Amino acid sequence: LDVGSCYNPFAVYKDLRVTAIDIGPANPDVYKCDFLSLNISQRDVMEGREIKSLSAESFDAVIFCLLLEYLPTPEARLKCCENAYELLKKDGLLVIVTPDSSHQGKNSQLLKGWKEALQAIGLQRIVYEKEKHFHGIVFRKLDKLQLCLQSIENETKMKRRESLVPLMAIPQDS
């Protein structure tokens with residue numbers, strides 16, 4: 001699932017089955033979908049080229065490429081990640097690419113907050129790369145037993161949802 005796809009850049013990879021969605025698709029290969037308002041249920045619901053509902057635990061991977069930083073609030077960013085969690089199969093991957101042309105450590109606190117918030121909702125960071133102009137981060141969805149074990153291990157660190165929202169803040173929020 002490529003969220004915020006715009007023009008479906010993965011279409012060139014014929015061996016991948018990609019569902020490309022965007023609130024304002026740039027071409028007919030991309031389905032219209034408001035990911036923050038998406039209904040996640042037991043079945044997919046479409047009206048023409050617009051997706052209204054997707055089945056829970058139905059995707060191996062969810063891609064947020066240059067997406068989260070365009071959402072206007074930390075609440076919206078957290079909701080976006082929660083929706084991804086609900087749509088991912090067990091051990092599914094959430095791939096986040098976010099721009100940053102600063103040096104390695106400048107936004108480390110921001111990314112530490114994202115990691116902490118996503119860990120609290122059941123996503124474990126497995127890969128992190130800082131490139132010249134972006135961060136690439138991959139999270140894996142934990143199954144219920146792994147999540148339970150993690151929460152026992154980190155019982156003092158587990159946070160209520162309200163305290164997770166500020167962890168998704170970016171400098172533009174100020």
Side-chain angles (χ1 to χ4, degrees), residues 1-11 16-100 107 110-125 134-142 147 158-174:
L1 179 64
D2 183 13
V3 182
S5 180
C6 190
Y7 68 95
N8 193 11
F10 293 106
L16 297 178
R17 288 184 329 149
V18 177
T19 302
I21 63 173
D22 198 293
I23 198 164
N27 74 38
D29 289 342
V30 181
Y31 291 96
K32 182 175 181 167
C33 179
D34 180 352
F35 193 68
L36 294 176
S37 300
L38 179 69
N39 182 33
I40 300 171
S41 62
Q42 299 306 312
R43 62 186 187 94
D44 297 347
V45 176
M46 298 178 62
E47 293 177 5
R49 297 290 302 161
E50 185 169 357
I51 295 176
K52 297 292 188 177
S53 180
L54 288 173
S55 302
E57 299 183 341
S58 59
F59 290 92
D60 295 306
V62 175
I63 312 291
F64 294 164
C65 186
L66 309 176
L67 172 75
L68 291 178
E69 59 281 351
Y70 290 100
L71 298 176
T73 66
E75 172 71 34
R77 287 186 283 280
L78 182 60
K79 174 67 174 158
C80 196
C81 294
E82 290 170 331
N83 282 358
Y85 178 87
E86 294 298 321
L87 290 168
L88 285 169
K89 295 177 182 176
K90 176 185 176 264
D91 293 324
L93 301 177
L94 171 59
V95 179
I96 299 173
V97 176
T98 189
D100 185 356
N107 291 311
L110 176 146
L111 293 168
K112 182 180 177 192
W114 286 16
K115 176 188 170 203
E116 191 175 328
L118 297 185
Q119 181 174 318
I121 65 171
L123 294 161
Q124 176 186 45
R125 188 181 78 184
F134 69 89
H135 297 274
I137 317 161
V138 179
F139 292 86
R140 179 178 66 93
K141 180 179 180 176
L142 301 175
L147 186 56
M158 292 306 289
K159 300 186 183 276
R160 297 179 48 168
R161 189 180 189 285
E162 300 80 41
S163 64
L164 299 178
V165 170
L167 296 174
M168 297 302 292
I170 59 176
Q172 296 90 316
D173 294 334
S174 301

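In this text, all values refer to a predicted model and were calculated from it rather than measured experimentally. Just so you know, these numbers use all the heavy atoms, side chains as well, and skip hydrogens, waters and symmetry mates.
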Derivation of the side chain to side chain contact (heavy atoms under 4.5 Å, CB included) call for L123 and W114: CA-CA 11 Å; L123 294 161; W114 286 16; over 6 Å; no
Quick one: does L110's side chain get under 4.5 Å of D100's, heavy atoms only? no
Using the test side chain to side chain contact (heavy atoms under 4.5 Å, CB included), find all partners of P99 that sit at least two apart in sequence or belong to another chain. L66, E69
Below 3.5 Å, can you tabulate the donor-acceptor pairs from side chains in residues 73-80 to any protein atom, sequence neighbours excluded?
{"unit_1": "T73", "atom_1": "OG1", "unit_2": "A76", "atom_2": "N", "d": "3.0"}
{"unit_1": "E75", "atom_1": "OE1", "unit_2": "R161", "atom_2": "NH1", "d": "3.2"}
{"unit_1": "E75", "atom_1": "OE2", "unit_2": "R161", "atom_2": "NH1", "d": "3.0"}
{"unit_1": "E75", "atom_1": "OE2", "unit_2": "R161", "atom_2": "NH2", "d": "3.0"}
{"unit_1": "R77", "atom_1": "NE", "unit_2": "M168", "atom_2": "O", "d": "2.6"}
{"unit_1": "R77", "atom_1": "NH1", "unit_2": "L71", "atom_2": "O", "d": "2.6"}
{"unit_1": "R77", "atom_1": "NH2", "unit_2": "M168", "atom_2": "O", "d": "3.2"}
{"unit_1": "R77", "atom_1": "NH2", "unit_2": "D173", "atom_2": "OD1", "d": "2.9"}
{"unit_1": "R77", "atom_1": "NH2", "unit_2": "D173", "atom_2": "OD2", "d": "2.2"}
{"unit_1": "K79", "atom_1": "NZ", "unit_2": "N83", "atom_2": "OD1", "d": "3.2"}

Of the options K141, R140, K115, which is the one that meets Q124 in a side chain to side chain donor-acceptor pair (under 3.5 Å)? R140
Nearest-0.5 Å distance, OG1 of residue T98 to CG of residue L111: 7.0 Å
Between the CG atom in L87 and the OG atom in S55, the distance rounded to the nearest 0.5 Å is 8.5 Å
Measuring from F59:CZ to L54:CG, what's the distance to the nearest 0.5 Å? 5.0 Å
Kindly compute the distance separating OG (S58) from CG (L1), expressed to the nearest 0.5 Å. 8.0 Å
Between atom OH of Y85 and atom CG of L142, what is the distance when rounded to the nearest 0.5 Å? 7.0 Å
State whether the number of non-hydrogen atoms from other residues, nucleotides or ligands found under 6.0 Å of Q42 atom CD is greater than 12. no
Run the side chain to side chain contact (heavy atoms under 4.5 Å, CB included) test against P9 and tell me which residues pass, sequence neighbours left out. D2, S5, Y7
Going by heavy atoms in the side chains, are I137 and R125 under 4.5 Å from each other? yes
To the nearest 0.5 angstrom, please state how far the CD1 atom of I21 sits from the CD1 atom of I63. 11.5 Å
If the condition is side chain to side chain contact (heavy atoms under 4.5 Å, CB included), which residues does K52 pass it with, not counting sequence neighbours? V45, E47, E50
Nearest heavy-atom contact between L118 and C81 is CD2-CB, 3.3 Å
I'd like a table of donor-acceptor pairs (distance under 3.5 Å, sequence neighbours excluded) in which one partner is a side-chain atom from residues 29-41, with atom names and distances.
{"unit_1": "Y31", "atom_1": "OH", "unit_2": "R49", "atom_2": "NH1", "d": "3.4"}
{"unit_1": "D34", "atom_1": "OD1", "unit_2": "L36", "atom_2": "N", "d": "3.2"}
{"unit_1": "D34", "atom_1": "OD2", "unit_2": "S37", "atom_2": "OG", "d": "3.1"}
{"unit_1": "S41", "atom_1": "OG", "unit_2": "R43", "atom_2": "N", "d": "3.4"}
{"unit_1": "S41", "atom_1": "OG", "unit_2": "R43", "atom_2": "O", "d": "3.1"}
{"unit_1": "S41", "atom_1": "OG", "unit_2": "S53", "atom_2": "OG", "d": "2.8"}

Taking all non-hydrogen atoms of both residues, which atom of L164 and which atom of A120 are closest, and how far apart? CD2-CB, 3.6 Å
Residue set satisfying side chain to side chain contact (heavy atoms under 4.5 Å, CB included) with F134, at least two apart, ordered chain then number -> V97, E131
Closest approach of D22 to G4 (non-hydrogen atoms, all atoms of both residues): OD2-C, 3.1 Å
